[in-house]
Amino acid sequence: MRIGLFTDTYHPASNGIVVVVDITRRELEKLGHEVFVLAPDGGLVRGKMPDDPQIIRLPAIQYDMPLSIFFPPALLKKIRALKLDVIHFFTPAQVGLMAALAARKTGAVLVGQHCTDTYEFSKDYPAMALGYIFGGLVSPLFVKFSSEQKKTFTKLYLSRVDREETDEKWTQRLVAGFMSLLYANCHGVIAVSQKSADQLAGFAARIGEELNLRVVPTGVDILPPAKKSAVNAFRKKWRITPDDEVIVNFGRMAEEKNLTLLVEMLPKLLQKRPNAKLLLAGDYVYREKLEKIAAASPAADRIIFSGRYPRGEINVICAVSRLFAFPSLTDTQALVLNEAAGQGLPIVMCDVGVNEVFREGENGLLADNDPQDFADKVAQILSNDKLHAKFSTRSRELAPEFSEKHQTEKLVKFYRELLRQPLKD
């Protein structure tokens, strides 16, 4: 098959969607498919990246992230020349809309993938909601709506807003409505977790639509065990002793990740486990604020910010840790859970259904979004060696079930099913 992966964010950006697109492309190519990535130009930094004829850069302006400003007719000509069988988009924004138009004009199968919980994010990022308002207004230029969908569109975007509704609720409604209408015009929709699938199905049902949904989490290959010398060097650098019980969280440091819960949890945990330490590995815009919050904590001297890390260092980070703590409530699949499980870490988290590599009572515990309850669950595992060993073993057993190859084979199977179906008008 000839497959086009359409995304609004790509290298030189560094985030979860970029990782997902790279894994998808790499594994599809290993299976013998020809893959093209269509993404915004990365700006000046792009000149430092190697040329790749399989990556088609779209004209863009630099804002918080590149914003595509392509001219559809010219881009359509370029896309037609690719003779794509499948058009698969990862972001329901400008490039996602272009994907929908290209699929309609070329007859390719259109697959949408829900990678980001934009419904929740719209509460904290007003600019995102404005983007969806604009996207909704221009979407009829890209997506062919039925007469019933046009009525829904008018109700969602053009009707008077109930004065009793807050702006926050209205923006969330706009986001949910726009995503539902766009995904309803796809031949198939990929949800990366059951949580994501349930959310999308609920959005669509509210506007009388039913999506052709398939749950296909992105695969993650397990890193080899860390070298002892690298582990010892890391311990020395961050003053981690063999007696320390390290609770780790690694990944992008953003406000919506709910990392303050871990800072608030630690003093309560120390009452039961006085050797506990909190290791926060990663970087992003929220790090500076989180460091200030941590500095004001009575447990400040037990909190480590180790900064940005290459993926190849995750095995080292996990080797010095006893447990992976995941407080986020906004992730759609949380690949860091696969990485932590692959290194044999028990897990304590708040968000049920976000990743099948976590099984309540098998390799971890589910905690409330509450510092005391989270601390209690962590202490329950750390204070019981047999329970810790059981959870660690089960994490190692579950992680290989979600390898990159295995999950991509599921994706290809879905593609083939859709290609045998009659295309939508």
Side-chain angles (χ1 to χ4, degrees), residues 16 117 191-199 214-226 245-251 257-259 261-262 265 268-269 272-273 276 278-279 281 314-315 317-407 409-410:
D117 192 349
V192 291
S193 65
Q194 190 58 51
K195 169 194 171 183
S196 179
D198 293 344
Q199 183 188 58
R214 183 71 57 88
V215 178
V216 185
T218 303
V220 178
D221 285 346
I222 301 170
L223 290 172
E245 294 183 319
V246 177
I247 315 305
V248 68
N249 177 279
F250 50 82
K257 297 293 185 179
N258 198 28
L259 295 171
L261 176 65
L262 300 184
M265 172 275 300
K268 302 178 186 303
L269 176 63
K272 295 182 177 181
R273 308 298 298 178
L278 176 62
L279 171 59
I314 287 175
N315 53 4
I317 294 170
C318 290
V320 304
S321 305
R322 291 277 289 164
L323 182 145
F324 188 78
F326 190 71
S328 175
L329 295 166
T330 59
D331 276 68
T332 52
Q333 64 175 335
L335 297 181
V336 291
L337 291 170
N338 297 74
E339 292 167 327
Q343 298 301 313
L345 290 185
I347 297 166
V348 174
M349 59 186 290
C350 298
D351 199 359
V352 66
V354 72
N355 193 312
E356 293 177 39
V357 82
F358 170 81
R359 307 283 174 85
E360 164 73 1
E362 292 186 34
N363 68 331
L365 297 175
L366 196 65
D368 295 335
N369 182 25
D370 170 77
Q372 185 62 64
D373 189 64
F374 206 101
D376 290 343
K377 294 300 193 304
V378 172
Q380 183 178 339
I381 297 173
L382 294 182
S383 60
N384 187 328
D385 289 342
K386 287 185 178 180
L387 183 65
H388 185 281
K390 171 190 169 184
F391 285 173
S392 177
T393 299
R394 189 63 176 136
S395 277
R396 292 187 188 278
E397 291 172 347
L398 289 168
E401 295 181 14
F402 302 92
S403 69
E404 294 174 5
K405 181 177 184 291
H406 187 218
Q407 296 305 106
E409 287 174 341
K410 291 181 182 178

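Both backbone and side-chain heavy atoms feed into the values below; hydrogens, waters and symmetry mates do not.
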Assess whether salt bridge (Lys or Arg N to Asp or Glu O under 4.0 Å) is satisfied between K257 and D331, documenting all intermediate values. CA-CA 8 Å; K257 297 293 185 179; D331 276 68; 3.0 Å; yes
Of all heavy-atom pairs between [X] and [Y], which one has the smallest distance, and what is that distance?
X	Y	answer
F374	D368	CD1-O, 4.2 Å
A379	K272	CB-CD, 3.9 Å
C318	A340	SG-CA, 4.3 Å
V378	V348	CG2-CG2, 4.1 Å
P346	S392	CG-N, 4.1 Å
N338	V357	N-CG1, 3.9 Å

Please report the C-alpha distance between L366 and K377 in whole Å, then the side-chain angles of each, then the deciding distance to 0.1 Å, and finally whether the side-chain contact (heavy atoms from CB on, under 4.5 Å) criterion is met. CA-CA 8 Å; L366 196 65; K377 294 300 193 304; over 6 Å; no
Report yes if the side chains of [X] and [Y] come closer than 4.5 Å at any heavy-atom pair, otherwise no.
X	Y	result
I347	N363	yes
F391	E362	no
R394	R359	yes
K195	T332	no
L261	P371	yes
V246	R322	no

Are the side chain of [X] and the backbone N or O of [Y] linked by a donor-acceptor pair below 3.5 Å?
X	Y	answer
D351	V354	no
D221	S403	no
T393	A389	yes
N249	A325	yes
H406	G219	no
Q333	S193	no
N355	L337	no
Q343	L223	yes
S321	L323	no

Straight-line distance of S395 OG to K390 NZ, nearest 0.5 Å: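 Nearest 0.5 Å value for the OG-NZ distance: 11.5 Å.
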So how far is it from E245 CD to L382 CG, rounded to the nearest 0.5 Å?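 Here the rounded value is 4.5 Å.
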side-chain contact (heavy atoms from CB on, under 4.5 Å) between R396 and I222, intermediate numbers included: CA-CA 9 Å; R396 292 187 188 278; I222 301 170; over 6 Å; no
Under 3.5 Å, is there a donor on one side chain and an acceptor on the other for D376 and Q380?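 Checked: D376/Q380 side chains show no N/O donor-acceptor pair below 3.5 Å.
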Can you see whether Q407 engages T218 through a side-chain donor-acceptor pair at a distance of less than 3.5 angstrom?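 Note: Q407 and T218 side chains miss the donor-acceptor criterion.
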Could you check, using the six-membered ring where one of them is a Trp, whether F358 and F326 have ring centers closer than 6.0 angstrom?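 Ring-ring flag for F358/F326: false, centres at least 6.0 Å apart.
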Run the side-chain contact (heavy atoms from CB on, under 4.5 Å) test on I247 and L279 for me, step by step, so that the C-alpha distance in whole Å, both residues' side-chain angles and the decisive distance to 0.1 Å come before the verdict. CA-CA 6 Å; I247 315 305; L279 171 59; over 6 Å; no
Using the rule given for side-chain contact (heavy atoms from CB on, under 4.5 Å), can you reason through V352 versus E360, listing the C-alpha separation, both sets of side-chain angles and the distance that settles it, and then say yes or no? CA-CA 9 Å; V352 66; E360 164 73 1; over 6 Å; no
